[in-house]
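Read through the structure below, which is laid out as structure tokens, and then see the notes.
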Amino acid sequence: VSARSGRPELWVGNQAGENLRRLTTLGAEAISHPRWSPAGDSIAFNAMRGGRSAVMIIEERGGEPRELPGPEEPRIFTGWCDDGRHLLVSADRGDGWQIYRMPLTGGEAVRLTPAGGLTAQESPGGRTLFYTVPGRPGLWRLALGGGNSPNEPDLVIPDLMPQDRRSWRLVTEGNEITRIAWVMRVQNNAFLMLYDPSSQSSSFLTELPGLAGPGLALAPDGGTIVYARTENMAGDLMLLEGFGSR
């Protein structure tokens with residue numbers, strides 16, 4: 001996401017940040033959380049236009065983005081489903097923010113979380129949902145079984161803070177989750193941690209100085225983690241003469 005054209009737009013470049021190509025001309029107030037589809041042929045993202053938040057999808061080659069069909073309601077894109085035909089969306093339908101599985105082409109949305117959900121990612125095969133709860137620390141896990149009664153969630157990583165609700169990703173190999181990358185905060189310092197499901201413990205990977213805002217991205221092979229970093233912050237102090245005079 002870059003505002004180099006005057007407004008925030010979605011751009012694509014190579015790993016070195018070169019050969020940039022603008023995908024959108026939305027003129028939006030804000031664009032956030034772009035995520036590649038499992039097949040790598042589409043990108044879903046959040047866009048704020050006219051004070052209204054919309055979930056948008058655009059093909060990798062560009063063109064006109066389309067809005068995810070559905071009712072007019074506050075909703076936030078949070079991830080792709082493993083099948084590539086549905087999105088995980090957090091929506092407030094009068095009972096607080098919950099995670100829904102929504103078809104790309106419209107149709108009935110399926111509520112997944114029993115008691116609140118804001119950001120989420122499915123395990124390979126869509127058997128398990130990992131998610132955060134609004135205003136509460138921790139990363140939660142929920143088995144997505146059949147039937148009408150939801151399963152009980154369990155707390156996986158208790159130290160994930162609410163402001164880092166997007167700063168975690170599942171590391172997978174085949175159909176198995178091998179690790180979970182997540183950000184831990186200690187006295188305003190950010191650290192990248194790796195959670196091991198087999199030992200149910202986390203290990204330190206590296207410090208993240210200058211971590212800017214929530215959000216991590218993971219290469220498909222799990223070997224590279226991408227995050228935003230602020231190295232320099234500056235502002236201009238302006239003098240307006242004759243202020244208050246007619």
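Numbering of residues begins at 1 and proceeds along the displayed sequence.
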Contact check, side chains of [X] and [Y], non-hydrogen atoms, under 4.5 Å:
| X | Y | answer |
| --- | --- | --- |
| Gln121 | Arg169 | yes |
| Arg166 | Thr78 | yes |
| Leu88 | Cys81 | yes |
| Arg185 | Phe191 | no |
| Leu20 | Arg4 | yes |

(request) Return the set of residues passing salt bridge (charged side-chain N to carboxylate O under 4.0 Å, His left out) with Arg66 (not counting sequence neighbours), or none when no residue passes. (result)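 Result, salt bridge (charged side-chain N to carboxylate O under 4.0 Å, His left out) vs Arg66: none returned.
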
So, using side-chain hydrogen bond (donor to acceptor under 3.5 Å, both in side chains) as the criterion, who are the partners of [X] when residues are at least two apart?
| X | result |
| --- | --- |
| Trp80 | none |
| Thr206 | none |
| Arg49 | none |
| Arg179 | none |

Any donor and acceptor pair, going by atom type alone, linking the side chain of [X] with main-chain N or O of [Y] inside 3.5 Å?
| X | Y | answer |
| --- | --- | --- |
| Glu67 | Met56 | no |
| Glu173 | Thr178 | no |
| Glu29 | Gly50 | yes |
| Thr113 | Ile99 | yes |
| Ser167 | Gly215 | yes |

(request) Show the numbers, then the answer: is there a side chain to side chain contact (heavy atoms under 4.5 Å, CB included) between Tyr100 and Arg75? (result) CA-CA 10 Å; Tyr100 291 84; Arg75 53 183 178 172; over 6 Å; no

(request) Give the minimum heavy-atom separation between Leu68 and Pro103, together with the two atoms involved. (result) CD1-O, 3.5 Å

(request) Provide the closest heavy-atom pair for Ala212 versus Thr230 in the form atom of the first, atom of the second, distance. (result)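 In terms of heavy atoms, the two residues are closest at CB-OG1, 3.1 Å.
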
Hey, what do you get for [atom1] ([X]) to [atom2] ([Y]), rounding to the nearest 0.5 Å?
| X | Y | atom1 | atom2 | answer |
| --- | --- | --- | --- | --- |
| Leu192 | Ser202 | CG | OG | 10.5 Å |
| Leu23 | Glu59 | CG | CD | 11.0 Å |
| Asp92 | Gln98 | CG | CD | 8.5 Å |
| Arg141 | Asp154 | CZ | CG | 4.0 Å |
| Asp164 | Met184 | CG | CE | 11.0 Å |

(message) So for atom CD, which belongs to Glu207, do other residues, nucleotides or ligands contribute more than 12 heavy atoms lying within a distance under 6.0 Å?
(response) yes

(message) Does Arg229, at its CZ atom, have more than 12 non-hydrogen atoms belonging to other residues, nucleotides or ligands within less than 6.0 Å?
(response)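 Buried by this count: over 12 neighbours within 6.0 Å.
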
Identify every side-chain donor-acceptor pair in residues 38-46 under 3.5 Å, counting partners at least two apart or on other chains, and give the distances.
unit_1 : atom_1 : unit_2 : atom_2 : d
Asp41  : OD1    : Ser37  : OG     : 2.9
Asn46  : OD1    : Phe77  : N      : 2.7
Asn46  : ND2    : Phe77  : O      : 3.2

(message) Let's go through Asp83 and Arg101 carefully: what are the C-alpha distance in whole Å and the side-chain angles of both, what is the deciding distance for salt bridge (Lys or Arg N to Asp or Glu O under 4.0 Å) to 0.1 Å, and is it a yes or a no?
(response) CA-CA 11 Å; Asp83 61 10; Arg101 182 189 286 125; 5.7 Å; no

(message) Can you tell me which residue among Leu216, Asp159, Leu170 is in a side-chain contact (heavy atoms from CB on, under 4.5 Å) with Trp182?
(response)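 Exactly one pass, corresponding to Asp159.
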
(request) State yes or no: do Phe204 and Leu218 share one hydrophobic cluster built from I, L, V, M, F, W and Y residues joined by side-chain heavy-atom distances below 4.5 Å, directly or via other members? (result) no

(message) Among residues at least two apart in sequence or on other chains, which ones pass side-chain contact (heavy atoms from CB on, under 4.5 Å) with Ser199?
(response) Asp196, Ser201

(message) If the condition is side-chain contact (heavy atoms from CB on, under 4.5 Å), which residues does Glu18 pass it with, not counting sequence neighbours?
(response)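 Only Asn14, Ala16 meet the side-chain contact (heavy atoms from CB on, under 4.5 Å) criterion with Glu18.
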
(request) Each residue besides Trp97 in its hydrophobic cluster should be listed here, by chain and number; the cluster joins Ile, Leu, Val, Met, Phe, Trp and Tyr at side-chain heavy-atom distances under 4.5 Å. (result) Ile76, Leu118

(request) Please write out which residues are connected to Met161 in a hydrophobic cluster, directly or through intermediates, given that two of Ile, Leu, Val, Met, Phe, Trp, Tyr count as joined at side-chain heavy-atom separations below 4.5 angstrom. (result)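 Members besides Met161: none; it forms no cluster.
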
Name every donor-acceptor pair, under 3.5 Å, that has one atom in a side chain of residues 5-12 and the other anywhere in the protein, sequence neighbours excluded.
unit_1 : atom_1 : unit_2 : atom_2 : d
Ser5   : OG     : Arg7   : O      : 3.4
Ser5   : OG     : Arg22  : NH1    : 3.1
Arg7   : NH1    : Gly27  : O      : 2.7
Glu9   : OE1    : Thr24  : OG1    : 2.6
Glu9   : OE1    : Thr25  : N      : 3.4
Glu9   : OE1    : Leu26  : N      : 2.9
Glu9   : OE2    : Leu26  : N      : 3.2
Glu9   : OE2    : Gly27  : N      : 2.8

Residues 126-140, side-chain donor-acceptor partners within the protein, below 3.5 Å, at least two apart:
unit_1 : atom_1 : unit_2 : atom_2 : d
Arg127 : NH2    : Asn175 : O      : 2.8
Thr132 : OG1    : Thr119 : N      : 3.3
Thr132 : OG1    : Thr119 : OG1    : 2.7

